[in-house]
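Starting from 1, each residue takes its place in the sequence as its number. As the structure lists them, so they are numbered: ligands from 1, and atoms in each ligand from 1.
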Amino acid sequence: MDLGIRGQVALVTAGSRGLGRAVALELAREGARVALAGRDPKVAEQSAKEIAAETGSEVVGWRCDVSRGKEVRELVNRVADRFQRVDLLVCNAGGPPGGTFDTFDDDAWQKAFETNLLSVVRLVRATLPHMKDGGRILTIASSSVKQPIPGLILSNTMRAGVAGLMKTLSGELGPRGILVNTLCPGRIATDRLRELDLQKAEREGLSEEFIQRQSLQGIPLGRYGKPEEFARTAVFLLSRANTYVTGTSLMVDGGMVQAL
Ligand code: NAD
């Protein structure tokens with residue numbers, strides 16, 4: 001199957017580590033020109049260099065904290081100046097902290113809103129004028145879109161908002177040839193997952209291994225996913241081979257979520 005990604009310009013935020021980096025790498029492997037962004041410009045630049053060396057594609061790594069509107073606008077302008085267009089947008093950010101309703105004050109809610117929901121609004125708004133020949137927009141959310149996760153109230157709430165936003169955008173942008181989807185990791189082995197497992201182990205006074213074994217029982221495929229497995233799904237949704245999937249929230253979860 002020809003994915004039709006060669007030469008396309010992709011912007012991936014929070015792209016220096018974890019799932020964002022895996023998606024940037026897989027896009028570069030398919031011949032996309034990639035701008036990845038992260039909060040630390042040195043780390044972003046280093047990841048870009050590594051991906052460029054591994055794939056031979058043009059990859060740049062720049063600074064952007066997606067919770068800051070000005071930085072988002074500056075990033076998108078910089079990408080447009082460099083490449084004259086943006087074809088593929090991947091909206092990603094770090095997950096909000098774990099906790100229950102009693103844990104968080106207004107500031108924590110505001111921060112989660114700006115990082116995980118308003119960032120997507122801002123990225124899409126800034127990028128649309130540069131999507132000259134249709135395009136693909138993908139947001140990395142969470143399996144909590146279908147099944148909220150106890151102890152992750154901020155994430156559960158913001159992800160639901162993202163899914164609603166993306167579904168609505170798929171309707172508004174479909175006539176312009178822009179396909180919009182939400183990709184929902186279940187348990188994919190990254191730093192974030194390790195951190196969540198460790199936090200849970202500490203909270204419950206159990207070992208990390210025990211918590212992992214408990215998690216695996218709920219996953220029909222019996223293991224955590226690999227970042228590259230997640231990234232390959234992302235690349236299909238972002239590709240020109242995807243001509244008819246839009247407005248979807250797709251789980252990449254080894255069968256974990258118990259929802260139809
Ligand atoms: P990760 O923690 O390994 O990587 C997240 C990256 O985002 C880091 O590089 C971090 O520096 C960056 N980041 C954090 N805040 C940022 C900001 N304001 N602006 C720009 N960059 C920022 O996490 P991951 O596992 O790669 O997860 C990516 C997203 O998917 C997160 O939102 C996470 O909550 C969500 N998610 C992941 C899983 C999983 O199994 N890995 C499951 C459900 C949801």
Side-chain angles (χ1 to χ4, degrees), residues 11-26 35-48 50 61-72 74-76 90-99 110-120 122-123 138-163 182-200 211-212 215-216 218-219 221 223-231 233-234 249-254 256-257:
L11 169 57
V12 183
T13 61
S16 4
R17 277 175 32 202
L19 300 180
R21 188 188 192 284
V23 173
L25 171 62
E26 219 56 53
L36 65 82
R39 284 175 304 180
D40 183 333
K42 288 205 185 89
V43 180
E45 204 184 318
Q46 182 58 30
S47 296
E50 288 166 10
W62 291 327
R63 181 191 154 78
C64 179
D65 179 335
V66 293
S67 67
R68 299 187 180 160
K70 185 166 172 280
E71 290 193 25
V72 167
E74 285 170 358
L75 170 70
V76 175
V90 180
C91 307
N92 184 36
Q110 188 65 31
K111 186 159 190 280
F113 168 64
E114 287 177 5
T115 305
N116 295 103
L117 178 51
L118 190 56
S119 62
V120 181
R122 287 168 166 162
L123 278 162
L138 190 70
T139 290
I140 299 180
S142 165
S143 61
S144 64
V145 161
K146 300 273 185 208
Q147 188 177 315
I149 301 167
L152 284 181
I153 194 166
L154 292 177
S155 176
N156 293 341
T157 307
M158 298 309 150
R159 309 305 189 178
V162 165
T182 305
L183 199 56
C184 304
R187 301 199 139 253
I188 314 291
T190 63
D191 294 347
R192 160 84 174 168
L193 186 65
R194 176 107 208 275
E195 193 187 301
L196 289 175
D197 279 351
L198 280 170
Q199 279 172 10
K200 193 171 179 206
I211 295 296
Q212 279 181 2
S215 290
L216 294 183
I219 303 175
L221 294 188
R223 61 178 176 83
Y224 286 170
K226 298 178 194 150
E228 58 268 32
E229 294 177 295
F230 180 86
T233 316
S249 294
L250 182 69
M251 303 295 119
V252 182
D253 68 347
M256 180 181 82
V257 167

Give the atom numbers and elements of ligand 1 that come within less than 4.0 Å of a heavy atom of [X].
{"X": "T115", "result": "18 (N)"}
{"X": "R187", "result": "40 (O)"}
{"X": "T190", "result": "3 (O), 24 (P), 25 (O), 41 (N)"}
{"X": "G18", "result": "3 (O), 26 (O)"}
{"X": "R159", "result": "31 (C), 32 (O), 33 (C), 34 (O), 35 (C)"}
{"X": "P185", "result": "36 (N), 37 (C), 38 (C), 42 (C), 43 (C), 44 (C)"}
{"X": "D191", "result": "3 (O)"}

Using heavy atoms and a threshold below 4.0 Å, how should the contact between [X] and ligand 1 be classified: side chain, backbone, both, or neither?
{"X": "C64", "answer": "backbone"}
{"X": "I140", "answer": "side chain"}
{"X": "T13", "answer": "neither"}

Could you find the nearest protein heavy atom to [atom] and give me its residue, atom name and distance?
{"atom": "atom 19 (N) of ligand 1", "answer": "V66 N, 3.0 Å"}
{"atom": "atom 44 (C) of ligand 1", "answer": "A141 O, 3.3 Å"}
{"atom": "atom 21 (N) of ligand 1", "answer": "A14 CB, 3.5 Å"}
{"atom": "atom 14 (C) of ligand 1", "answer": "G94 N, 3.2 Å"}
{"atom": "atom 1 (P) of ligand 1", "answer": "R192 CB, 3.6 Å"}
{"atom": "atom 26 (O) of ligand 1", "answer": "L19 N, 2.7 Å"}
{"atom": "atom 22 (C) of ligand 1", "answer": "R39 NE, 3.6 Å"}
{"atom": "atom 32 (O) of ligand 1", "answer": "A93 O, 2.6 Å"}

Exercise. Taking atom 4 (O) of ligand 1 as the point of reference, which of R63, R17, E195 owns the nearest heavy atom?
Worked result: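 It is R17 that holds the nearest heavy atom.
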
Exercise. Given I140, which of L19, V252, N116 fulfils the side chain to side chain contact (heavy atoms under 4.5 Å, CB included) condition?
Worked result: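 So, applying the side chain to side chain contact (heavy atoms under 4.5 Å, CB included) to I140 and each of L19, V252, N116, only L19 qualifies.
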
Exercise. With sequence neighbours excluded, what pairs up with S67 under the side chain to side chain contact (heavy atoms under 4.5 Å, CB included) test?
Worked result: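 With neighbours one apart ignored, the set is D65, E114, T115.
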
Exercise. Considering residues at least two apart in sequence or located in another chain, which fulfil the side chain to side chain donor-acceptor pair (under 3.5 Å) criterion with S155?
Worked result: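 With sequence neighbours excluded, S155 shows a side chain to side chain donor-acceptor pair (under 3.5 Å) to R159, given in chain and number order.
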
Problem set entry | Any G186 heavy atom less than 4.0 Å to ligand 1 |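 G186 counts as a contact of ligand 1 under the 4.0 Å cut-off.
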
Exercise. So is D65 close enough to ligand 1, meaning a heavy atom under 4.0 angstrom away?
Worked result: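 A heavy atom of D65 does come that close to ligand 1.
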
